[in-house]
Amino acid sequence: MTADIPLSGRLDDDDYPAYTMGRAAEMLGTTPGFLRAIGEARLITPLRSEGGHRRYSRYQLRIAARARELVDQGTPIEAACRIVILEDQLEEAQRINAEYRRAASEAAGGAAAAADGADGPAPAKDDPASGA
């Protein structure tokens, strides 16, 4: 898989496909069939080992766990997958929006400081301290 990345780096990587289907199903308290079903619904796409076995990342397991919660509450699997996809898209859009707001705020703060001038405000004409 990714032999060029040190093991310590892979252990911290949420996208590294570290879990077999059996282990992933066990961790989620579900069946391999559930994982195949959410794969068919295109909620997650597991990577494949050299032998063709499905491998799941921690990120994918979190997504699958959310789908499992919805299915356990009675939501049909296709609808649960769509809900999770929309939730994930919304979270990403909110993150990007926050980055844009932060950048705009920093740009506005820098522009305001530049408009004030490096020397500070000009003295008023009737200010006795200005000598004017």
Side-chain angles (χ1 to χ4, degrees):
M1 289 196 168
T2 52
D4 54 330
I5 300 173
L7 180 60
S8 61
R10 291 181 291 195
L11 293 175
D12 294 334
D13 184 358
D14 271 358
D15 295 319
Y16 181 71
Y19 303 98
T20 62
M21 177 181 274
R23 180 69 180 127
E26 180 183 319
M27 291 171 68
L28 295 172
T30 190
T31 64
F34 175 79
L35 292 172
R36 281 192 290 276
I38 62 175
E40 289 169 9
R42 291 185 165 65
L43 177 61
I44 58 175
T45 304
L47 282 116
R48 299 280 182 152
S49 68
E50 290 179 14
H53 299 284
R54 290 175 178 90
R55 307 282 297 189
Y56 298 89
S57 69
R58 287 188 296 199
Y59 173 75
Q60 290 174 324
L61 294 184
R62 283 194 300 271
I63 296 291
R66 177 65 181 129
R68 167 85 196 274
E69 289 173 10
L70 292 168
V71 169
D72 286 350
Q73 295 170 7
T75 305
I77 195 161
E78 297 81 12
C81 290
R82 184 66 182 142
I83 289 167
V84 173
I85 289 167
L86 291 171
E87 287 175 342
D88 199 45
Q89 289 173 343
L90 176 61
E91 183 179 325
E92 178 69 7
Q94 288 173 331
R95 185 191 61 75
I96 291 169
N97 196 10
E99 286 178 15
Y100 284 144
R101 284 187 177 149
R102 193 173 18 255
S105 175
E106 289 171 3
D116 287 343
D119 298 331
K125 290 184 180 181
D126 53 292
D127 183 0
S130 69

- Query: Should the pair Arg66-Asp88 be classified as a salt bridge under the 4.0 Å nitrogen-to-oxygen rule?
  - Reply: no
- Evaluation steps, side chain to side chain contact (heavy atoms under 4.5 Å, CB included), between Arg54 and Thr20: CA-CA 6 Å; Arg54 290 175 178 90; Thr20 62; over 6 Å; no
- Query: With a cutoff of under 4.5 Å between side-chain heavy atoms, which Ile, Leu, Val, Met, Phe, Trp and Tyr residues group with Leu61?
  - Reply: Tyr19, Met21, Met27, Leu28, Phe34, Leu35, Ile38, Leu43, Ile44, Tyr56, Tyr59, Ile63, Leu70, Val71, Ile77, Ile83, Val84, Ile85
- Neighbour count >12 (heavy atoms, 6.0 Å) for atom CZ, Arg42: no
- Query: For residues 72-83, which residue pairs qualify under side-chain hydrogen bond (donor to acceptor under 3.5 Å, both in side chains), counting only residues two or more places apart or in two chains?
  - Reply: Arg68-Asp72
- If you round to the nearest 0.5 Å, how far is CD of Glu50 from CZ of Arg55? 11.0 Å
- Message: What I want to find out is whether Arg102 reaches Glu99 closely enough, with some N-O distance under 4.0 Å, to be called a salt bridge.
- Response: no
- Query: Does CD belonging to Glu92 count more than 12 external heavy atoms closer than 6.0 Å?
  - Reply: yes
- Can you see which heavy atom on Pro32 is nearest to which on Ala25, and at what distance? N-CB, 3.8 Å
- Item | Residue pair Ala41 / Cys81: nearest heavy atoms and the distance that separates them | CB-SG, 3.7 Å
